[in-house]
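First up is the structure itself, then whatever we jot down about it.
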Amino acid sequence: MFDFIPAETAQTSIQPGRHDTLPQSEEFLRALRATGQDPLVLERMNNTTVLRQRFWGRIDVAMVNRATVHKPLRLLEMLQEEGLRRTPVILSPETPTPELARHGAVPLMGPASVARLNLAPCPDARRAALHQKWRNQLRHGESQSLRLTRQNMPVDPTHWLFAADQAKQTERGYRSWPVGLTLTYAQANPGTAKLFQAFEGKEPVAAILVLRHGQHATYHLSHSSDRGKQLSAHNLLMWEAMSWLSAQGCKTLDLGVINTEDAPGLARFKLGTGADLHRLGGTWIYWPPMGRLLAPLARLDRRMMTAGTAGQI
């Protein structure tokens, strides 16, 4: 699955915590509330955020996304204590949590891996961590006459980056955040949504939008035109974002899921920054009315949800 990844690329040693991931951050919770949503917050479990949505107008579903689950059984019990006894719960832990199978959770999707970049404070250390080809592309970008800008994300749903991203989603058949949620995040958390752009003359050729949350950040949106690719503008912007985030005291940058089958070029780009692979915990469903009746079925699929088994969303 990751056959092109250099041998020195290893599983990350950075341990996730309460505020490391965007979906479990205070900033994301603030944005959700600003849109009128009312997530459940489990204060007795490190303020874990539980989303609640209704599908087809009649089916309520709860979702726990990118949370570190140290005590799976206690989490499931707590959800029932909070009134979700008859609500299906979709769990996507931050780390492999095969113990969920013992309590009746059924695997839906095997674990994916994300690229997580340690933002070393020393520029020389960051540059040395770059893979050789990526470093060469950075040098190429630095030799071009590109003008770089950094600003807070404009509250403008017609911004060219959103239009380009929507076109890319349509072309590749995937869905990301609604534009409205991204803009609400920027409004509810002033100064945390940073837009980096590269211009050739007056023409934008590449852009990266990063979202800060606590001492961490997430690579949220990006686009590079054909001309931008010729000028290695994306590498130059990423280096600029890495350097700025590090200077602001950010510890890590989450570059998102590594998908070598559908987006091998993007996977190489992300890993070329020197990022480590961090294995997630897959996706599970737990339906309290069935409870332990599903445990035997869950145990049949337990191996695919462990850390030692390759998987890809």
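Here the OG1-CG distance, from Thr218 to Leu209, works out to 10.5 Å after rounding to the nearest 0.5 Å. Atom CD1 in Ile208 sits 10.5 Å away from atom CG in Leu221 (nearest 0.5 Å). Distance check: Thr48 OG1 to Met78 CE gives 8.5 Å after rounding to the nearest 0.5 Å. Here OG of Ser143 is found 10.0 Å from CG of Leu138. Values are rounded to the nearest 0.5 Å. Note that the CG atom of Leu79 and the CG atom of Leu40 stand 7.0 Å from one another [nearest 0.5 Å]. For the atom pair Asn259 CG and Leu266 CG, the distance stands at 9.0 Å (nearest 0.5 Å).
Here the closest non-hydrogen pair linking Pro93 and Leu100 is CG-CD1, 4.0 Å. In plain terms, the two heavy atoms of Ser224 and Lys229 that are nearest each other are OG-N, 3.3 Å. Taking each heavy atom of Leu117 and Ala275 in turn, the nearest pair found is CD1-N, 3.8 Å. A pairwise comparison of heavy atoms in Pro123 and Pro121 identifies CD-O, 3.4 Å as the closest pair. When every heavy atom of Ala207 is checked against every heavy atom of Trp160, the shortest pair comes out as CB-CZ2, 3.5 Å. Across all non-hydrogen atoms, the minimal contact from Arg135 to Ala128 is NH2-O, 3.2 Å.
For the side-chain contact (heavy atoms from CB on, under 4.5 Å) criterion with Val61, the lone passing option out of Leu84, Val89, Ile90 is Ile90. Just one residue in the list Asp20, Thr95, Thr252 forms a side-chain contact (heavy atoms from CB on, under 4.5 Å) with His278, and that residue is Thr95. Of the candidates Thr21, Asp254, Thr49, Arg66 forms a side-chain hydrogen bond (donor to acceptor under 3.5 Å, both in side chains) with just one, namely Asp254.
Remark: Gln80 pairs with Arg85, Tyr286, Pro288 by the side chain to side chain contact (heavy atoms under 4.5 Å, CB included) rule, at least two apart or across chains. Every side-chain hydrogen bond (donor to acceptor under 3.5 Å, both in side chains) that Arg54 has, sequence neighbours left out, goes to Asp60. Residues forming a side-chain hydrogen bond (donor to acceptor under 3.5 Å, both in side chains) with Asp165 (at least two apart in sequence, or on another chain): Gln169. In this structure, Phe162 has no ring pair (Phe, Tyr, Trp, His ring centres under 6.0 Å) partners at least two apart in sequence or on a different chain.
You'll find the side chain of Pro39 stays beyond 4.5 Å of the side chain of Arg52, heavy atoms only. Inter-residue side-chain proximity for His140 and Asn136 is flagged as unmet; no heavy-atom pair is nearer than 4.5 Å. Looking at Leu75 and Leu42, their side chains come closer than 4.5 Å, going by heavy atoms from C-beta outward. The shortest distance between side-chain heavy atoms of Thr149 and Phe196 does not fall below 4.5 Å. For the pair Arg116/Lys270, no side-chain contact is recorded, criterion being any heavy-atom separation below 4.5 Å from C-beta on. Contact of the Thr283 side chain with the Leu91 side chain is not registered, since no non-hydrogen atoms from C-beta on lie closer than 4.5 Å. A heavy-atom distance below 4.5 Å is found between the side chains of Leu271 and Leu277. Side-chain atoms of Leu195 and Leu161, non-hydrogen and from C-beta on, do get closer than 4.5 Å to each other.
Looking only at atom types and distance, the side chain of Gln230 has no donor-acceptor partner in the side chain of Asp226 under 3.5 Å away. Side-chain N/O atoms of Gln144 and Glu200 include no donor and acceptor closer than 3.5 Å. A side-chain donor from one of Thr158 and Asp156 sits under 3.5 Å from a side-chain acceptor of the other. A donor-acceptor pair shorter than 3.5 Å can be found between the side chains of Asn152 and Lys194.
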Test side-chain hydrogen bond (donor to acceptor under 3.5 Å, both in side chains) on Ser25 and His213 and set out the steps. CA-CA 6 Å; Ser25 68; His213 40 96; 4.8 Å; no
Please walk me through it: do Leu148 and Gln197 pass side chain to side chain contact (heavy atoms under 4.5 Å, CB included)? CA-CA 6 Å; Leu148 305 186; Gln197 297 182 91; over 6 Å; no
Could you go through the side chain to side chain contact (heavy atoms under 4.5 Å, CB included) check for Val41 and Leu29 one step at a time? CA-CA 9 Å; Val41 178; Leu29 179 61; 3.8 Å; yes
Output, in order, the C-alpha distance, side-chain angles, deciding distance and verdict of side chain to side chain contact (heavy atoms under 4.5 Å, CB included) for Phe199 and Leu146. CA-CA 6 Å; Phe199 294 83; Leu146 291 169; over 6 Å; no
Before you tell me yes or no, could you show the steps for Arg212 and Cys250 under side chain to side chain contact (heavy atoms under 4.5 Å, CB included), namely the whole-Å CA-CA distance, both residues' side-chain angles and the distance that decides it to 0.1 Å? CA-CA 8 Å; Arg212 293 183 58 192; Cys250 283; 3.6 Å; yes
Please step through salt bridge (Lys or Arg N to Asp or Glu O under 4.0 Å) for the pair Arg74 and Glu77, ending with a clear verdict. CA-CA 5 Å; Arg74 186 65 190 118; Glu77 291 174 341; 3.5 Å; yes
Can you give each donor-acceptor pair under 3.5 Å made by side-chain atoms of residues 234-249, sequence neighbours left out, with the distance rounded to 0.1 Å?
unit_1: His234; atom_1: NE2; unit_2: Tyr219; atom_2: OH; d: 2.9
unit_1: Asn235; atom_1: ND2; unit_2: Gln137; atom_2: OE1; d: 3.2
unit_1: Ser243; atom_1: OG; unit_2: Arg126; atom_2: NH2; d: 3.3
unit_1: Ser243; atom_1: OG; unit_2: Trp239; atom_2: O; d: 2.9
unit_1: Ser246; atom_1: OG; unit_2: Ala120; atom_2: O; d: 3.1
unit_1: Ser246; atom_1: OG; unit_2: Arg126; atom_2: NH1; d: 3.2

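Under the 3.5 Å distance criterion, the side-chain polar atoms of Glu27 are left unmatched by any main-chain donor or acceptor of Leu22. Side chain of Ser225 to main chain of Val205: a donor-acceptor pair is present (N/O by atom type, distance under 3.5 Å, no hydrogens or angles). At least one donor-acceptor pair under 3.5 Å links the side chain of Thr170 to the backbone N or O of Gln166.
Under the side chain to side chain donor-acceptor pair (under 3.5 Å) criterion, the residue pairs touching residues 171-186 are Thr182-His220, with sequence neighbours excluded.
Heavy atoms from other residues, nucleotides or ligands lying under 6.0 Å from CD of Glu43 number 12 at most. Heavy-atom contacts from other residues, nucleotides or ligands closer than 6.0 Å to NZ of Lys168 number more than 12.
Salt-bridge check for Arg44 with Glu81: passed, with a basic side-chain N closer than 4.0 Å to an acidic carboxylate O. A salt bridge does not link Glu99 with Lys71: every distance from a Lys NZ or Arg NE/NH1/NH2 to an Asp or Glu carboxylate oxygen is 4.0 Å or more.
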